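Right, one structure below, let's go through it.
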Protein chains: 2
Amino acid sequence: MKNVNKTQQIAVFKALADPVRLEIIQYLKQSDHEVSCGEVGRKIDISKTSGSYHFKLLQVAGLINARKEAREKYVSLNQATFDKYVTNFYKNI
Amino acid sequence: MKNVNKTQQIAVFKALADPVRLEIIQYLKQSDHEVSCGEVGRKIDISKTSGSYHFKLLQVAGLINARKEAREKYVSLNQATFDKYVTNFYKNI
DNA sequence: TAAATAGTTCAAAATGTTTTGAACTATTTT
DNA sequence: AAAATAGTTCAAAACATTTTGAACTATTTA
């Protein structure tokens with residue numbers, strides 16, 4: 001695999017292989033600006049503990065950018081990771 | 001998600017989220033012609049039971065085409081599925 | 001026709017992931 | 001200062017995936 005880290009490649013696909021996380025990603029894409037974890041969690045109706053778990057996984061995979069401001073954590077999609085590990089996956093195998 | 005089946009979308013990412021299956025896919029891509037399950041299994045050194053399990057998952061996800069000829073099963077990548085569910089994923093969210 | 005080969009199926013064991021609730025930290029509001 | 005809000009951490013429970021070996025079917029070779 002060209003230029004990609006195999007461990008991250010698998011973390012990316014694992015992160016995408018879940019309906020809750022796909023909903024999160026969907027919401028973040030259509031928001032197209034930073035939103036708080038709480039806002040996302042409310043919209044897709046998951047507990048805050050579960051949200052915390054899923055946001056962490058997405059973050060470790062590099063699929064989201066996260067920034068903590070005071071009490072709140074703001075997240076947005078990291079397009080570069082999608083490009084490198086998803087969009088260009090087939091080409092780079 | 002535009003034009004994609006959510007259940008298949010998740011099956012695709014689950015199928016890709018495993019090191020053994022990534023090796024299989026890698027081998028199939030560089031072979032660029034049909035190869036038997038046995039040949040792949042030998043190259044990446046997995047038991048035939050395990051191979052059978054992984055090839056089935058790839059097949060159910062639509063990522064490989066499979067054809068049984070007599071004793072042997074020949075497989076190849078299904079590029080259309082990669083295009084639709086992986087390469088175009090971000091665009092279609 | 002017996003033995004070998006390719007692959008599948010099944011159930012059990014081993015591993016890994018996700019959800020839950022309680023307890024926690026840090027910040028903001030009353 | 002107390003209460004409320006946003007999010008994290010932890011351990012346990014619930015659930016899902018993967019590996020293993022034995023038994024099986026079907027085909028080919030000796």
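Proteins get letters first, then strands, A, B, ... in listed order; numbering begins at 1 in each. Please read all numbers here as calculations on a predicted model, not as lab measurements.
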4.5 Å side-chain heavy-atom contact, [X] and [Y]:
X       : Y       : value
A:Thr87 : B:Phe89 : no
A:Leu16 : A:Phe82 : yes
B:Tyr85 : B:Asn5  : yes

A:Lys6 atom NZ, neighbour heavy-atom count above 12 within 6.0 Å: yes
Over 12 non-hydrogen atoms of neighbours within 6.0 angstrom of NZ in A:Lys56: no
For the side chain of A:Ala70, counting heavy atoms from C-beta on, which of D:dT28, C:dT28, D:dT8 is nearest? C:dT28
Quick one: which of C:dG7, D:dG7, C:dT17 gets closest to the side chain of A:Glu72? D:dG7
N or O in side chain of [X] less than 4.0 angstrom from [N] OP1/OP2:
X       : N      : value
A:Lys68 : D:dT8  : no
B:His54 : D:dT19 : yes
A:Lys56 : D:dT9  : yes

[X] [atom1] to [N] [atom2], straight-line distance once rounded to whole Å:
X       : N      : atom1 : atom2 : result
B:Phe55 : D:dT19 : CZ    : P     : 13 Å
A:Arg71 : D:dA6  : CZ    : C1'   : 6 Å
B:Gln59 : C:dT9  : CD    : C1'   : 15 Å
A:Tyr53 : C:dT19 : OH    : P     : 7 Å
A:Glu69 : C:dT28 : CD    : C1'   : 13 Å
A:Leu57 : D:dT8  : CG    : C1'   : 15 Å
A:Tyr74 : D:dT5  : OH    : C1'   : 12 Å

Specify the residues of residues 7-23 of chain B, ordered by number, for which at least one heavy atom lies under 4.0 angstrom from an atom of DNA chain C. none
Searching all strands shown, indicate the nucleotide that pairs with C:dA23 (Watson-Crick or G-U wobble; both distances under 3.5 Å). D:dT8
Trace of the side-chain hydrogen bond (donor to acceptor under 3.5 Å, both in side chains) decision for A:Lys84 with A:Gln8: CA-CA 11 Å; A:Lys84 183 168 179 183; A:Gln8 193 181 357; 6.0 Å; no
side-chain contact (heavy atoms from CB on, under 4.5 Å) partner of A:Leu77, the single match among A:Ile64, A:Asn65, A:Leu58: A:Ile64
Under the 3.5 angstrom rule, does the side chain of A:Arg21 hit a backbone N or O of A:Lys14 as a donor-acceptor pair?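 A pair under 3.5 Å: yes.
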Within residues 37-50 of chain B, the residues having a heavy atom closer than 4.0 Å to DNA chain D are B:Thr49, B:Ser50
Would A:Tyr90 and A:Met1 show up in the same hydrophobic cluster when neighbours are defined by side-chain heavy atoms closer than 4.5 Å?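 Yes; tracing contacts between hydrophobic side chains, which count when under 4.5 Å, links both residues.
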